[in-house]
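Below is one structure, written out as structure tokens; the observations come after it.
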Amino acid sequence: MIANSVFDSPEAFLAPYAALFIIGNTVRNSMRVAARQVSVVVLGVVVAAIAAVTLSTVAALALATGAGILVGRIPRLSPDGIWVAVTAVLVLLYGTATNPYLVLHRIGDVVLGVLVGIARWPRT
């Protein structure tokens, strides 16, 4: 709902997805965790876009899954690296990975979702 209001984002499913990613971490780790989680979701969107532009739908799903798993193995993305592949598959299944306007909206949705998630952290 916020993503629709702020960005007029069509189908803003990645904003709440990113917000849920963030909730549950400590305030001390918030910025590091937020940066990592924004990174894995944005990388997933990028992997999906590259796969969708270059391949047929079924081949794009296979490539995005494999590439997402490989990219997700980068040590700096641990323990959230698997979400690169998950995000790529979700974006491909949504059918919007070839539209540059929607890809940019997805990235904006992720950043907004993370900001909402940070704002909702329990203060201890």
Side-chain angles (χ1 to χ4, degrees):
M1 194 162 169
I2 294 172
N4 286 334
S5 299
V6 173
F7 294 130
D8 193 27
S9 185
E11 305 167 353
F13 70 94
L14 284 178
Y17 171 71
L20 287 174
F21 238 163
I22 292 293
I23 295 172
N25 293 298
T26 65
V27 174
R28 182 177 55 104
N29 291 324
S30 63
M31 298 318 289
R32 190 185 76 225
V33 170
R36 182 179 65 233
Q37 292 176 345
V38 166
S39 298
V40 298
V41 177
V42 169
L43 285 168
V45 171
V46 170
V47 166
I50 291 169
V53 168
T54 59
L55 300 167
S56 68
T57 304
V58 173
L61 279 166
L63 176 74
T65 302
I69 289 170
L70 287 175
V71 170
R73 293 183 58 112
I74 295 170
R76 283 215 182 272
L77 300 179
S78 181
D80 301 313
I82 191 64
W83 293 100
V84 175
V86 172
T87 302
V89 169
L90 287 173
V91 170
L92 284 169
L93 291 175
Y94 235 81
T96 57
T98 58
N99 183 327
Y101 170 78
L102 293 176
V103 168
L104 290 176
H105 265 287
R106 300 286 181 247
I107 292 169
D109 294 343
V110 169
V111 172
L112 180 62
V114 166
L115 293 174
V116 169
I118 289 171
R120 296 295 304 156
W121 258 318
R123 305 291 186 226
T124 57

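Remember, predicted model here, so these are calculated numbers, not experimental data.
- Rounded to the nearest 0.5 Å, atoms CG (Leu104) and CG (Asn99) are 9.0 Å apart.
- Hydrophobic clustering keeps Leu63 apart from Val86 (ILVMFWY residues linked when any side-chain heavy atoms are closer than 4.5 Å, directly or through intermediates).
- Leu77 and Arg36 make their closest contact through O-CD, 3.4 Å (heavy atoms, listed as atom of the first residue, atom of the second, distance).
- In the hydrophobic clustering (ILVMFWY side chains linked at under 4.5 Å, chained through shared members), Leu92 is joined by Leu61, Val89, Leu93.
- The two residues Gly72 and Val84 have their closest heavy-atom pair at CA-CG2, 4.1 Å.
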Distance-only check: which donor-acceptor pairs under 3.5 Å involve side-chain atoms of residues 40-58, not counting sequence neighbours?
from	atom 1	to	atom 2	distance (Å)
Thr54	OG1	Ile50	O	2.9
Thr54	OG1	Ala51	O	3.4

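- The distance from atom CZ of Arg73 to atom CD1 of Ile82, rounded to the nearest 0.5 Å, is 9.5 Å.
- Judged as a side chain to side chain contact (heavy atoms under 4.5 Å, CB included), and not counting sequence neighbours, Leu70 has no contacts.
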